[in-house]
Amino acid sequence: MDYDRLVALRKQSAAWRLLKADNAALMLSFFNKVFVEQGARSIAGAELVERLDDELFALNDRLGQGTFPKSAKAYLDDWSAPGNGWLRKYYPPDSDEPHYDATAAVEKAIAWVRSLGERSFVGTESRLNTIFDLLRQMTFGTETDPEARLAELTRRRHEIDWEVERVEAGEVDVLDSAALRDRYQQVTTTAHGLLADFREVEANFRDLDRDLRSKIAAWDGAKGELLDEVLGSRESIAESDQGRTFQAFYDFLLAPSRQDELKTLLAEVEAMEAIDEPDPRMRRMPRDWLEAAERTQATVRQLSDQLRRFLDDQVRSEDRRVLELVRAIETQALALRDVPGVNLVAEIDAAAPAIALPMERPLYTPVVKAPIDSTGIEAGDEEFTADALFEAVYVDPARLTAAVHHALGLRTQVSLAETLREHPLEQGLAELVAYFALPDDGFTTVFDDHRQEEITWIGEDDVQQVATVPVVTFARISPGIAWVASPKEGR
């Protein structure tokens, strides 16, 4: 940790930038509440905007209006900007709404700020025991001499036999409250640190995925060469120390017996009297571990998806010209990605180009929530006419369908006019329109747009109403027979 290294780290580290930001207190408190305490790994943009908006409203109300003048969405855009790197903004598959997740830099910054607080209890015994246990595991795990291994196993057996003899004699040593609190503190610290490490592991796999996309975009050689290089990189990640430990942890956690044992042990520890204030996050820690590990595995699966798309000749040959243009754009973008101060300018030949995108669609417009002031509401005693509330007209399609079946009888078809002569209109124009779209499997509705007829009925105030409509025929559908009625067929 020399001077030059610290200067470079101060400029490049996202966690350091977060700690020295103007709104560091707002960001750390909000990130800790949403992504650490509540264990959110991915949250929809609309939900996160709503939560931040509530947080800003409470702070402005307490600290004074204008303390945080920007909108919640503006703050999220700043925090997820590439130059900051505190939130990862992305679009999940089959979703048009952006989602957010905290980065590993946020976990590091929150952990460092937490370490600054004073602790009422600092345990040391359990950590010393852990050091001894780890050292024994390391020395015994690397021992190749069978005699040395047998000597170590014999020593352990003697210790267990001695412990059994003491228990049989009624001598039982139990941990006091201080020892229990010491060990529980170490368990919670290790569990939280393990969950935080998953974000860094996922970020490392995501960097590999981005490098793979860059290689595929700029590759112009044989597919076999790229495949050998990519598979070699993928294998090196899987065989690295980080990859092996992650896979071992994932396999260990997926074992049903281990999950049951972990839940049982956590429940028993939290029920102890010495643990007067158990950490609420520990109850859902196994589930959070599984979700975090699954997200990391999903990032690894993206590498396989990239290889599958690259090897799919059918996709690559559908439109080679489009692929060549897209690849040229990607290659140029990659070349300009790290160049500061580059202004991208596109030149066109025509003065007024006509651009039509095949999948053009408007952007999502969030619904504006109107503020509702419910203070000072008093019961009113004004009288008003409520007749308009009961003037809604509902036409029952089941009644109209039954009328058509009754009019059909034994006939194969019947006109709308004949049906209305037997069953006159009761609800006027609304009922007439409902006849045009009756859903039924027993008959079909045939329209003759070349002929028209007049339908009459008695409306309000005994006034006769007349409507000119196309000739409509209801034709019966026989079971098992696909029959289409002609509009001019005799009735």
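Treat the numbers as computed from the prediction; the structure is a model and nothing was measured. In what follows, every heavy atom counts, from backbone to side chain, and hydrogens, waters and symmetry copies are set aside.
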Candidates L87, V106, T103 - the one meeting side-chain contact (heavy atoms from CB on, under 4.5 Å) with F35: L87
Worked check of ring-ring contact (aromatic ring centres under 6.0 Å, His included) between W79 and F31: CA-CA 11 Å; W79 300 344; F31 294 160; 5.4 Å; yes
Below 4.0 angstrom, N of the basic side chain to O of the carboxylate: do [X] and [Y] qualify?
{"X": "R155", "Y": "E152", "result": "yes"}
{"X": "K89", "Y": "D101", "result": "no"}
{"X": "E55", "Y": "R51", "result": "no"}
{"X": "D77", "Y": "K73", "result": "yes"}

Atom pair [atom1]/[atom2] of [X] and [Y] - distance to nearest 0.5 Å:
{"X": "T67", "Y": "N60", "atom1": "OG1", "atom2": "CG", "answer": "5.5 Å"}
{"X": "M27", "Y": "I110", "atom1": "CE", "atom2": "CD1", "answer": "11.0 Å"}
{"X": "L325", "Y": "E330", "atom1": "CG", "atom2": "CD", "answer": "11.5 Å"}
{"X": "F68", "Y": "D22", "atom1": "CZ", "atom2": "CG", "answer": "10.5 Å"}
{"X": "L26", "Y": "L56", "atom1": "CG", "atom2": "CG", "answer": "6.0 Å"}

Smallest separation among heavy atoms of [X] and [Y], with atom names:
{"X": "A14", "Y": "A105", "answer": "CB-CB, 3.6 Å"}
{"X": "W86", "Y": "A21", "answer": "CH2-CB, 4.1 Å"}
{"X": "Y90", "Y": "P92", "answer": "O-CD, 3.7 Å"}
{"X": "A72", "Y": "V49", "answer": "CB-O, 3.6 Å"}
{"X": "E97", "Y": "A44", "answer": "OE2-CB, 3.6 Å"}

Validation row: [X], [Y] side chains within 4.5 angstrom (heavy atoms):
{"X": "R17", "Y": "R10", "value": "no"}
{"X": "L19", "Y": "L28", "value": "yes"}
{"X": "D78", "Y": "N23", "value": "no"}
{"X": "R88", "Y": "Y100", "value": "no"}
{"X": "V7", "Y": "K11", "value": "yes"}
{"X": "E50", "Y": "K369", "value": "yes"}
{"X": "E107", "Y": "N32", "value": "no"}

Side chain to side chain contact (heavy atoms under 4.5 Å, CB included) evaluation trace for R62 with L59: CA-CA 5 Å; R62 181 166 59 89; L59 291 175; 3.4 Å; yes
Chi angles and distances behind the side chain to side chain contact (heavy atoms under 4.5 Å, CB included) call for L52, F30: CA-CA 8 Å; L52 181 57; F30 182 70; 3.7 Å; yes
Steps toward side chain to side chain contact (heavy atoms under 4.5 Å, CB included) verdict (H99, I43): CA-CA 5 Å; H99 282 57; I43 184 171; over 6 Å; no
Is the number of heavy atoms from other residues, nucleotides or ligands within 6.0 Å of [atom1] ([X]) greater than 12?
{"X": "K20", "atom1": "NZ", "result": "yes"}
{"X": "I372", "atom1": "CD1", "result": "no"}
{"X": "D161", "atom1": "CG", "result": "yes"}
{"X": "F57", "atom1": "CZ", "result": "no"}

W162 six-ring centre to R166 NZ/CZ under 6.0 Å and within 45° of normal: yes
Side chain to side chain contact (heavy atoms under 4.5 Å, CB included) evaluation trace for N84 with L18: CA-CA 8 Å; N84 293 325; L18 174 57; over 6 Å; no
